[in-house]
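To start, I am sharing the structure in question, which I have written as structure tokens.
Not measured: the values here are computed from a predicted model.
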Amino acid sequence: MKLLEGQIAIITGAASPRGLGKATAQMFAEHGATVVIMDLNKADAEASAADLPGTGHFGINGNVTNKDDCIRVAQATLDAFGKIDVLVNNAGITQPLKILDIEACHYDAVTDVSLRGTLYMSQAVIPAMRAQKSGSIVNMSSVSAQRGGGIFGGPHYSAAKAGVLGLTKAMARELAPDNVRANAICPGFIATDITAGKLTDDMLKQVLDGIPMGRAGEAKDVAGCALFLASGLSGYCTGTELDVNGGSLIH
């Protein structure tokens with residue numbers, strides 16, 4: 001059964017071949033969705049979209065920290081398909097800094113993409129979702145927001161991702177009367193381009209020792225949860241945070 005047959009989904013930050021966004025786009029396409037990939041580089045976004053199964057997908061350039069870009073991407077999607085069913089706010093960056101090393105430029109860079117970008121892109125699609133009385137917004141947070149720190153992200157990353165959780169819950173409460181759902185995913189240690197080659201054997205062992213399932217997560221593990229939250233299977237879920245961490249944070 002294809003869970004997203006006939007649906008239109010926008011996924012931000014999905015051009016990286018081994019990233020969470022691309023894995024999500026791949027799984028959405030396999031389940032019948034037409035996918036719009038938004039990323040900074042137009043050629044990368046187009047190449048990523050062309051790699052998806054099925055037809056009709058397209059890539060478009062845009063910076064989620066620029067509200068005009070977000071509105072332009074949403075409008076291009078509406079012009080092409082007439083509706084927007086799903087938004088996955090996946091775009092984000094991280095920096096491995098300690099608390100006293102964080103300066104204004106670091107704080108602005110990390111919080112702007114993860115938090116301001118989530119707000120702006122959501123604002124761009126909400127009017128269409130409200131008008132059609134349906135929609136699912138999936139926001140990418142992190143286990144770092146829940147436990148205060150991760151493998152790579154500094155305190156400003158934790159703060160940004162915690163902000164995503166608060167924003168998700170507030171959006172869910174406000175949008176629920178219009179049948180528009182908002183939920184968050186909190187990945188733990190996932191093997192992506194961000195983590196590749198950046199851990200020594202000892203560091204990796206320490207990380208894996210803290211994961212009851214004994215392995216790093218894969219991008220498809222997160223994509224599967226995004227599929228669930230985007231589809232009708234989660235039709236009575238809004239304002240939730242879905243943990244994808246192999247048991248590294250059980251609470």
Exercise for review: Please check if Ile185 and Phe228 belong to a single hydrophobic cluster, counting links between Ile, Leu, Val, Met, Phe, Trp and Tyr side chain heavy atoms closer than 4.5 Å.
Suggested key: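 Yes: a chain of side-chain contacts under 4.5 Å links Ile185 to Phe228.
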Point to revise | Gap between atom CG of Asp108 and atom OG1 of Thr111 - 0.5 Å precision | key: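 Between Thr111 OG1 and Asp108 CG, I get 5.5 Å after rounding to 0.5 Å.
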Review point. Does Ser141 use its side chain to pair, donor to acceptor, with the backbone of Cys186 at less than 3.5 Å?
Key: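 No, Ser141 side chain to Cys186 backbone: no donor-acceptor pair under 3.5 Å.
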Practice item. Show the numbers, then the answer: is there a side-chain contact (heavy atoms from CB on, under 4.5 Å) between Val73 and Met121? Key: CA-CA 9 Å; Val73 170; Met121 199 60 219; 4.1 Å; yes
**Study point:** Nearest heavy-atom neighbours spanning Ser248 and Pro212
**Key:**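 Answer, listing the atom of Ser248 first, then Pro212: N-CD, 3.6 Å.
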Review point. Any chain of hydrophobic side-chain contacts (each under 4.5 Å) joining Met140 to Leu115?
Key: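 The answer is no; the residues belong to distinct hydrophobic clusters.
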Point to revise | Residues, nucleotides or ligands: over 12 heavy atoms within 6.0 Å of Arg215 CZ | key: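 Counting other residues, nucleotides and ligands, CZ of Arg215 exceeds 12 neighbours.
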Practice item. Please round to the nearest 0.5 Å and tell me the distance separating atom CD1 of Ile126 and atom CD of Glu174. Key: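 Atom-to-atom, Ile126:CD1 and Glu174:CD are 7.5 Å apart.
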Practice item. Using side-chain contact (heavy atoms from CB on, under 4.5 Å) as the criterion, point out the one residue from Asn179, Val180, Val86 that pairs with Met129. Key: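 Answer after filtering Asn179, Val180, Val86: Val180.
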Point to revise | From CD (Gln7) to NZ (Lys2), nearest 0.5 Å | key: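 The CD atom of Gln7 sits 13.5 Å away from the NZ atom of Lys2.
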Review point. If you take all heavy atoms of Ile60 and Ala76, which pair is closest and at what distance?
Key: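 Closest approach of Ile60 to Ala76, heavy atoms only: CD1-CB, 3.9 Å.
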Review point. Between Ser136 and Ala230, what is the shortest heavy-atom contact and its length?
Key: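 Taking Ser136 first and Ala230 second, the nearest heavy atoms are OG-CA, 3.6 Å.
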Review point. Are the side chains of Thr24 and Val35 in touch, meaning some heavy atoms are under 4.5 Å apart?
Key: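 With C-beta onward as the side chain, the pair stays apart.
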Review point. So, does His156 use its side chain to make a donor-acceptor pair with the main chain of Tyr107 at under 3.5 Å?
Key: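 No; zero donor-acceptor contacts below 3.5 Å.
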Check your understanding: Does a side chain donor of either Gln146 or Asp243 reach within less than 3.5 Å of an acceptor in the other side chain?
Key ->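 Yes, Asp243 and Gln146 have a side-chain donor paired with an acceptor closer than 3.5 Å.
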Point to revise | Side-chain hydrophobic cluster, 4.5 Å single linkage: members besides Ile250 | key: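 For Ile250, no cluster forms, as it stays isolated from other hydrophobic side chains.
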Review point. When you measure from the side chain of Arg72 to the backbone N and O of Asn61, does any donor-acceptor pair fall under 3.5 Å?
Key: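 Checked: pair present.
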Exercise for review: Identify the heavy atoms of Gly6 and Lys83 that sit nearest to each other, and give their distance.
Suggested key: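 Between these two residues, the closest heavy atoms are O-NZ, 3.1 Å.
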Review point. Is Leu52 reachable from Leu3 through a run of hydrophobic residues whose side-chain heavy atoms are each under 4.5 Å from the next?
Key: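 Leu3 clusters together with Leu52.
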Point to revise | Test item: Arg181 side-chain N/O and Leu229 main-chain N/O as donor-acceptor pair under 3.5 Å | key: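 Such a contact is found between Arg181 side chain and Leu229 backbone.
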Practice item. Please check if any side-chain donor atom of Asn139 sits under 3.5 Å from a side-chain acceptor atom of Thr168, or the reverse. Key: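 Judged by distance alone, the side chains do pair up.
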Review point. Do you know which two heavy atoms are closest between Ser158 and Ser144, and how far apart they sit?
Key: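 Ser158 and Ser144 have their closest heavy atoms at OG-OG, 2.5 Å.
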Review point. Taking everything shown except Gln206 itself, do over 12 heavy atoms lie less than 6.0 Å from its CD?
Key: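 12 or below, so no.
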Point to revise | Member of Asn89, Ile71, Leu87 meeting the side-chain contact (heavy atoms from CB on, under 4.5 Å) criterion with Val125 | key: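 Only one option passes, and that is Leu87.
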Check your understanding: Hey, does the side chain of Ser231 reach the backbone of Leu233 with a donor-acceptor pair shorter than 3.5 angstrom?
Key ->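 Confirmed, Ser231 side chain pairs with Leu233 backbone.
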**Study point:** Test item: Leu40 and Asn63 side chains (from C-beta on) under 4.5 Å apart, heavy atoms
**Key:**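 Yes, side chains in contact.
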Check your understanding: Are Ile10 and Met27 joined in one hydrophobic group, where the rule is that I, L, V, M, F, W and Y side chains link up if heavy atoms are under 4.5 Å apart?
Key ->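 Ile10 does not cluster with Met27.
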Check your understanding: What orientation do Phe58 and Phe81 show, parallel under 30°, tilted 30 to 60°, or perpendicular over 60°?
Key ->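 Judged by the thresholds at 30° and 60°, the geometry between Phe58 and Phe81 is parallel.
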Review point. Where the side chain of Asp221 meets the backbone of Glu218, is there a donor-acceptor pair that is under 3.5 Å apart?
Key: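 Checked: pair present.
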Point to revise | Closest approach of Tyr120 to Lys67 (non-hydrogen atoms, all atoms of both residues) | key: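 For Tyr120 and Lys67, the tightest heavy-atom pair comes out as CD1-N, 3.6 Å.
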Check your understanding: side-chain contact (heavy atoms from CB on, under 4.5 Å) with Lys22: which of Ile11, Asp51, Asp39?
Key ->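 In the set Ile11, Asp51, Asp39, the residue that makes a side-chain contact (heavy atoms from CB on, under 4.5 Å) with Lys22 is Asp51.
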Check your understanding: Can you get from Leu175 to Ile8 by hopping between Ile, Leu, Val, Met, Phe, Trp and Tyr side chains that sit under 4.5 Å apart?
Key ->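 Yes.
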Review point. Does the side chain of Thr65 reach to within under 4.5 Å of the side chain of Val113, using non-hydrogen atoms?
Key: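 Yes. Closest side-chain heavy atoms under 4.5 Å.
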Point to revise | Cys237 backbone acceptor or donor facing Asn183 side chain under 3.5 Å | key: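 Yes; at least one donor-acceptor contact below 3.5 Å.
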Point to revise | Electrostatic pair Glu241-Lys161, nearest N-O below 4.0 angstrom | key: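 Salt bridge absent between Glu241 and Lys161.
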Practice item. Inspect the surroundings of NZ in Lys169 and state if more than 12 heavy atoms from other residues, nucleotides or ligands are less than 6.0 Å away. Key: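 Count over threshold, so yes.
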Review point. Any salt bridge between Lys205 and Asp202, counting N to O under 4.0 Å?
Key: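 Between Asp202 and Lys205 there is no salt bridge, as every charged N stays at least 4.0 Å from the carboxylate O atoms.
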**Study point:** Gap between atom CG of Leu204 and atom CG of Asp209 - 0.5 Å precision
**Key:**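 Between atom CG of Asp209 and atom CG of Leu204 there are 9.5 Å.
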Check your understanding: Where the side chain of His31 meets the backbone of Leu4, is there a donor-acceptor pair that is under 3.5 Å apart?
Key ->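 Absent.
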Practice item. Check whether any side-chain N or O of Asp178 sits under 3.5 Å from a backbone N or O of Lys133 as a donor-acceptor pair, and report yes or no. Key: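 Absent.
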Review point. Nearest 0.5 Å, what's the CE-CG distance between Met38 and Asp69?
Key: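 Met38 atom CE to Asp69 atom CG measures 5.5 Å (nearest 0.5 Å).
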Practice item. Kindly compute the distance separating CD1 (Ile190) from OG (Ser142), expressed to the nearest 0.5 Å. Key: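 Interatomic distance, Ile190 CD1 to Ser142 OG, rounded to 0.5 Å: 9.5 Å.
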Check your understanding: So, do Asp85 and Gln132 sit near enough that their side-chain heavy atoms are less than 4.5 Å apart?
Key ->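 They are in contact (side-chain heavy atoms under 4.5 Å apart), so the answer is yes.
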